[in-house]
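These notes are about the structure you will find just below.
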There are 2 protein chains.
Amino acid sequence: MARAGGVTIRDVAKRAGVSIAAVSMALNGTGTLSAATRTRVREVADEMEYQADALARGLRRSSVGAIGLVIRSLDLLGDYAPAGVDVFARFIGDLSSQAMARGLSVMLVPDLTRRPAPPLALGLDGYVVDLPTVDDPVVRLLERRGIPYVTLGRDPDRPGFTDWASEDGPAITRRVLDHLAARGARCIALVRGTVPNAWNLDAEAAYRSWSASRGAAPIVREVAEGDGEAGGRSMAHRLADEGAPDAVLCLTGRHAAGMLAGLAERGIRVPHDAMIATASDSEHARHSRPAISAVELDTAATSAALLDLLQARIDGRPSVAPVLTGARFHPRGSTRRRD
Amino acid sequence: MARAGGVTIRDVAKRAGVSIAAVSMALNGTGTLSAATRTRVREVADEMEYQADALARGLRRSSVGAIGLVIRSLDLLGDYAPAGVDVFARFIGDLSSQAMARGLSVMLVPDLTRRPAPPLALGLDGYVVDLPTVDDPVVRLLERRGIPYVTLGRDPDRPGFTDWASEDGPAITRRVLDHLAARGARCIALVRGTVPNAWNLDAEAAYRSWSASRGAAPIVREVAEGDGEAGGRSMAHRLADEGAPDAVLCLTGRHAAGMLAGLAERGIRVPHDAMIATASDSEHARHSRPAISAVELDTAATSAALLDLLQARIDGRPSVAPVLTGARFHPRGSTRRRD
DNA sequence: GTGAAAGCGCTAACAG
DNA sequence: CTGTTAGCGCTTTCAC
């Protein structure tokens, strides 16, 4: 290590009575070395607790064994009531533990585009970018610098780009809509976020085509992700003013919770007068009264898929196809209605 | 950059018509250079979008501009219902944005002690370690390798160690206990986690001394952090079997939520028959019925304090004293009782 | 005030 | 099969 530990490859070489090159080869399993030397060197290295300096190694190999994670919502996490804290926290946790199991470190990069770039940010082996937006500056930067990356959710700008994984948004949307319809909903509104990412765009598209196929007039409303519960509440009032639908699908858990509260304020009972469901489960959804029917995203599977894809890209293996991960729907009180 | 971008200090030097040393000096504001050369070089570097390779720089300076964050609970985040997801997610978000504002990158290190060490992990400039436990292997490793670190919460093993920041646990505990007593509680139980960290230990100590000063017999129960809501529920049943106290302070939000549910199952009404409060706010607490009175931790202030302390240690500035950050108590329905 | 040169710890190509 | 050597991109003396 540059500073910590202090035992370098040279020390090991001296102690083992071989050249530093031999040590490097022995430890990396490269080159041509006698099995005897190899084990001997390994023993000595172990004994000395030698750990190759990732910096020096990275400088040589131009691969540091670390990837970046761009979570935009991270900036929001400082707020008291951030959007979707639940699912993102789980995603961060899953991804970093799984990456570590593969020998990769994870660096958190809230904003890759700032100048000067965060140290190491441009030297990382690759990136996982969450939900690229239309005309995404982070994606543009990675693209320009030729840094491998994969995205959580498809890139709305790049239909041909296949290095992404995601829950199957459209399928989730249809699943919930079918559920609502089965419970007797006749007029279902969709409340999406304002950010132009695949999550919002694809759900809206699925909703519109589902509506069209049923001959229903679509009602789509947008609430800013950052407005959280309060945003959901005011949207509830707006919908009530307009003559409330008898079911609302909120893509965001917080919006759903706010919607529930807002409808209650207007004397609209859930699920009796109107049903509510959300496409991303959260504690909000689980602990509201009534609890809100929600889709539970499989962040562990998505993390694994993203790491697979990223490793393939880093190794230069050809990209195959995006990975759609599963999601389970949990019907709860907010859609429990005897019709 | 080693790989990405490709424009090196040599390219800038050539373009600016100076030596590479001059470029380094100009950009770092070191050495003796004419102001003219300095600006000229800077302009060229900007124009070429030159970014110094953090790896190479780190190799030389043995300081990479990145710190590690050891969040043990990260391993738990993969579970569907992890403990304290809320407060940790906010902490991670706060810390990483604030670190970036200071020009530091943050690397997530779930387990620093595993062999081989995660790449870069031992080459980082310093570490923030959350809640060290008694005989903490991570702290031991950092100590042994001489890597600067600060901790969130004091180190139970090192009374003399002052490089830590935290909410004032004992003060929080007393605050809540006073509140419960003021609302008429006569027999208050404390439910803590099992991990031997300052959070649990100090709260228990504060609780015991508070009880002693009032001549009350302390009731302390332990529930594993990872058991979450279910753990709180079974503890509720156990307490009910033993003859329930008329108030319970759960250090963890999830335990509190489980406690609420468990007591309800036994026909014990909250807040009428028993009150519940928790020392760490979460969505659980806010959205239970009734909502649970809770202490909201100031993760932003704590993050800032930790980064200050860490930077001081990295720069070799002397350590002064630990920083205690504020916390607000939110009385809610679970302790709203007219006595 | 400026440039040449050494070297951080490592890997990979080469000669022995 | 092994050891020597040349750098990766940068910072930092040290001559000029």
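Every chain is numbered from 1 and lettered A, B, ... according to where its sequence line falls, protein lines coming before strand lines.
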Which nucleotide in [options] has an atom nearest any side-chain atom of [X]:
X	options	answer
A:Ala21	D:dT11, D:dG9, C:dA12	C:dA12
A:Met25	D:dT13, D:dG3, D:dC10	D:dG3
B:Arg60	C:dG3, C:dT11, C:dA6	C:dA6

What is the distance from [atom1] of [X] to [atom2] of [N], rounded to the nearest Å?
X	N	atom1	atom2	result
B:Leu55	C:dG7	CG	P	22 Å
B:Leu122	C:dC8	CG	P	20 Å
B:Tyr50	D:dT11	OH	P	6 Å
A:Ile9	C:dA12	CD1	C1'	12 Å
B:Asn28	D:dT12	CG	P	7 Å
A:Gln51	C:dG9	CD	C1'	14 Å
B:Ile20	D:dG9	CD1	P	11 Å
B:Leu59	D:dG9	CG	P	12 Å

When rounded to the nearest 0.5 angstrom, what distance separates CE in A:Met107 from CG in A:Leu124? 6.5 Å
Taking OP1 and OP2 of [N], is either one under 4.0 Å from a side-chain nitrogen or oxygen of [X]?
X	N	answer
A:Thr37	D:dT2	yes
A:Thr32	D:dC1	no
A:Ser34	D:dT2	yes

Contacts of A:Arg10 and B:Gly17 projected onto DNA chain C by closest heavy atom; the upstream (5') one is B:Gly17
Residue pair A:Val23/B:Val18 against DNA chain C: nearer the 5' end by closest nucleotide is B:Val18
Do [X] and [Y] pair up side chain to side chain, a donor and an acceptor below 3.5 Å, judged on atom types alone?
X	Y	value
B:Ser34	B:Thr37	yes
B:Asp298	B:Thr325	no
A:Thr113	A:Asp111	yes

Lys NZ or Arg CZ of A:Arg154 over A:Phe161 ring: under 6.0 Å, within 45°: no
